[in-house]
Amino acid sequence: MIQYIKKHFLPGLLGLILICLSISACGSPAKVLSSVAMLKEQHDFDTYTQTLFVQEMKENTLNLHYTLANPEEFGIKSHKISLGSYSEEKSDASASFLENMSASLLGFHYDSLNTKQKLTYDILKDYCEKQLCISSLYYYNEPLRPTTGVQSELPVLLAEYAFYNPCDVTDYLSLLTCIEDYFHQIAAFERKKAEKGLFMSPEAANTVIDACETFAIDPETNFLIDTFDTRIDELDGISDEKKALYKKQNRSLVENVVVPAYENLADSLIELKSSGNNTAGLSHYPQGKSYYEYLVRSNTGSAKSIRELQKHTERQRNLDIDALHNLLSKNPDLLQVQNPKIATEEPEAILDHLLDAMQADFYPAADSSYEVNYIHESLEDTLAPAFYLTAPIDNISHNMIYLNRSSNYTGIQLFTTLAHEGFPGHLYQTTGTYQAGLAPVRALFSYPGYTEGWATYVEMLSYRYAGLDEDLTEVLMHNQSALLSLYASIDMGIHYDGWLFADAVSFLKGFGITDQGTIRRIYDLIVTEPSHYLKYYIGYLEFLDLKEYAKTRFAEDYSDRAFHQAVIRIGPAPFSILKNYLPHFYSPES
């Protein structure tokens, strides 16, 4: 269940290193400012971060469009059409820019900022430190990950590119013309990786090649043609003649630019695939463990070391397994219930039920709307079972939840998946955070440990909303948590400890999992998606820890509703920052 959020995925997806700041931990020398001077400092800080936000938005058309429905209201009246740049030169320039920004920010007086500004400041500082620390490991990055790579995500983002006005149509058509050059840059990057001995494994390359070739089958019926036609037909303010012209232009671009770009990318990978000789994860590369440590910090938001995370994962797994043993010893028949049926299989009805059932534990959702759609069949094999596509920060009613029919989710699996993506998961968290008034600049930064950790945490809670037997609910919840812990342990075992396939087989055998085909699929997926499962599971564990801290910190004033609301109001951030700011945003229920 991958969360598709433009602000989180597009930087990695499109190779664009976002503008962020390296900030001195202490800021300016301590001094006491007058109230007038403090207000000016706060105003200057807002102006500064707003300038950064606008500048970044102008650099990438997809980032701009998926972040803002009305750019003009943010002072963006013109922008270049671009997918960004994927090159070592761009990476070097970005690193230099970060260092320059660090010097510029030294003039801000941290203690003069208000609480929300300090939160933004701390997040910018954290983000920048993480990005600068891996500038020398540029070629360890992989834009073509089999499941979450550009070749899979870009078609969905294009198909869901909303047409708010006629200018969006012309921007979209211009954007299609950029794909050929952008894929050419990615192919050049992959050739450099191959020269450095860092190219993906042949198995991973074959998966990406298959995805590209599948997308390119039957250009005349490509789904980017039908989805474009539907959006054009629904757009007001242009004539039928103009709509017909746009449809003709789009068809020509899809058939003669977009599809050939995918074919050329596949051809490039076919030439390179024999150069990938590492089939066993990052730890088998010279600096792979260092890069993995960066990925884990970035994707989980946890400050713990890998060893600490391994112990934490094992400890929680043991708690879940003990709980399972106790429940099943009382009622062995529960073991036979794998995927119990629920009252309805209609996604919208399930979401309505969740929205009502969650009221005891969560404040009411923001006033917004959503749509449930299905992934196009040409992308089913390479995309997740479900994902959520966020609303722009200035239009929280444009929410999309996608389901993958090939996953065949039914019963409680479908129920908890929709809780993860919708209420009280990604949709609830995102719209609630927007409603809380985050600074726009924070839309640029990715903290998937927060977003996926939240969605996994509430997914576990949602078992209790399904109307099942209480003991069965607990069995299903603890079982899901334990399964996720296995993936997390394998992830860290492969990419940090150098596990080979035989090691994964031995590990899973201890939990009664022995089917070699299943284990091979798990192993190969984790090899190609390092730290992917950790953002779900470690993020989940960090929320459990944060909840325990809140119970101790607020004692008789603690409630789940108040805790959840404080987390929503703080928004995506590393967990150390969430913990520091929780007392500032926590409001006990009256």
Side-chain angles (χ1 to χ4, degrees), residues 5-7 9-11 13-21 43-87 89-90 93-94 96-98 100-101 104 124 154 157-185 224 228 231-232 234-239 242-243 245-247 249-250 252-253 257-258 389-396 398 434 438-445:
I5 298 187
K6 79 288 173 185
K7 66 193 179 193
F9 274 80
L10 288 183
L13 168 65
L14 299 177
L16 177 65
I17 295 182
L18 294 175
I19 294 174
C20 55
L21 311 170
H43 175 269
D44 290 348
F45 183 79
D46 285 341
T47 300
Y48 187 70
T49 57
Q50 183 67 11
T51 299
L52 291 174
F53 174 72
V54 169
Q55 184 174 347
E56 173 58 26
M57 286 294 95
K58 290 182 177 181
E59 292 296 314
N60 185 293
T61 307
L62 278 178
N63 274 346
L64 172 63
H65 190 73
Y66 274 92
T67 305
L68 297 174
N70 300 291
E72 296 81 5
E73 294 182 6
F74 288 77
I76 302 175
K77 300 187 183 302
S78 63
H79 58 277
K80 65 180 180 181
I81 306 300
S82 173
L83 286 171
S85 176
Y86 214 102
S87 67
E89 292 75 17
K90 176 65 175 179
S94 296
S96 297
F97 183 75
L98 298 180
N100 292 335
M101 286 297 99
S104 298
L124 297 178
L154 184 58
L157 295 172
L158 292 173
E160 288 302 321
Y161 193 101
F163 295 156
Y164 300 109
N165 55 61
C167 289
D168 290 328
V169 180
T170 56
D171 282 357
Y172 176 88
L173 294 172
S174 297
L175 195 61
L176 296 186
T177 67
C178 300
I179 294 175
E180 181 179 21
D181 179 64
Y182 189 73
F183 276 17
H184 177 75
Q185 293 181 46
L224 290 182
F228 180 90
R231 283 172 288 162
I232 281 291
E234 295 173 349
L235 180 63
D236 296 327
I238 56 176
S239 65
K242 195 70 171 179
K243 289 181 178 181
L245 176 61
Y246 283 148
K247 289 179 181 180
Q249 290 175 338
N250 177 67
S252 177
L253 286 169
V257 177
V258 180
L389 195 67
T390 58
I393 64 175
D394 57 342
N395 181 9
I396 65 172
H398 191 77
Y434 287 175
L438 265 64
V441 72
R442 289 186 57 187
L444 302 177
F445 304 103

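The shortest distance between side-chain heavy atoms of Tyr164 and Asn395 falls below 4.5 Å. Leu176 is listed as a side-chain neighbour of Ile179, based on a closest heavy-atom distance under 4.5 Å. Side-chain contact check for Leu389 versus His398: every heavy-atom pair is 4.5 Å or farther apart. Taking the side chain as every heavy atom from C-beta outward, Thr170 and Tyr246 approach each other to under 4.5 Å.
Rounding to the nearest 0.5 Å gives a distance of 14.0 Å between NZ of Lys58 and OG of Ser82. How far CG of Asp394 is from CZ of Phe74: 5.0 Å, rounded to the nearest 0.5 Å. Expressed to the nearest 0.5 Å, how far CD of Glu180 lies from CG of Leu83 amounts to 12.5 Å. Rounded to the nearest 0.5 Å, atoms OG1 (Thr177) and CD1 (Ile81) are 8.5 Å apart. Atom OG1 of residue Thr49 and atom CG of residue Asp44 lie 10.5 Å apart, to the nearest 0.5 angstrom. How far CD of Glu89 is from OG of Ser94: 11.5 Å, rounded to the nearest 0.5 Å.
Every residue meeting the side-chain hydrogen bond (donor to acceptor under 3.5 Å, both in side chains) condition with Lys247, not counting sequence neighbours, appears here in chain and number order: Asp233. Taking Asn250 as the reference, nothing meets the side-chain hydrogen bond (donor to acceptor under 3.5 Å, both in side chains) condition, with sequence neighbours excluded. Applying the side-chain hydrogen bond (donor to acceptor under 3.5 Å, both in side chains) criterion to His184, with sequence neighbours excluded, gives no partner residue. The salt bridge (Lys or Arg N to Asp or Glu O under 4.0 Å) test applied to Lys80 returns Glu59, not counting sequence neighbours. Applying the side-chain hydrogen bond (donor to acceptor under 3.5 Å, both in side chains) rule to Ser252 yields the partners Asn256; only residues at least two apart in sequence or on another chain are considered. Asp181 meets the salt bridge (Lys or Arg N to Asp or Glu O under 4.0 Å) test with no other residue; sequence neighbours excluded.
Looking at every heavy atom in both residues, Ala443 comes nearest to Phe53 through CB-CE1, 4.4 Å. Nearest heavy atoms, Ala69 versus Pro392: N-CB, 3.6 Å. Across all non-hydrogen atoms, the minimal contact from Tyr66 to Leu158 is OH-N, 4.5 Å. Counting all heavy atoms, side chain and backbone alike, Leu62 lies closest to Leu154 at CD1-CD1, 3.7 Å. Heavy-atom minimum distance, Leu224 versus Val258: CD1-CG1, 4.3 Å. Across all non-hydrogen atoms, the minimal contact from Pro166 to Gly237 is CG-O, 4.5 Å.
Side chain of Asn60 to backbone of Asn63: a donor-acceptor contact under 3.5 angstrom is found. Lys243 places a side-chain N or O within donor-acceptor distance of the main-chain N or O of Leu235, the cut-off being under 3.5 Å. At least one donor-acceptor pair under 3.5 Å links the side chain of His65 to the backbone N or O of Ala162. The backbone N or O of Ser174 sits nowhere less than 3.5 Å from a side-chain atom of Asp171 that would complete a donor-acceptor pair. No side-chain donor-acceptor contact under 3.5 Å links Thr67 to the backbone of Leu64.
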Query raised in the report: Is there a side chain to side chain contact (heavy atoms under 4.5 Å, CB included) between Leu175 and Tyr182 once you walk through the steps?
Result: CA-CA 10 Å; Leu175 195 61; Tyr182 189 73; over 6 Å; no

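Aromatic ring centroids of Phe163 and Phe228 lie under 6.0 Å apart.
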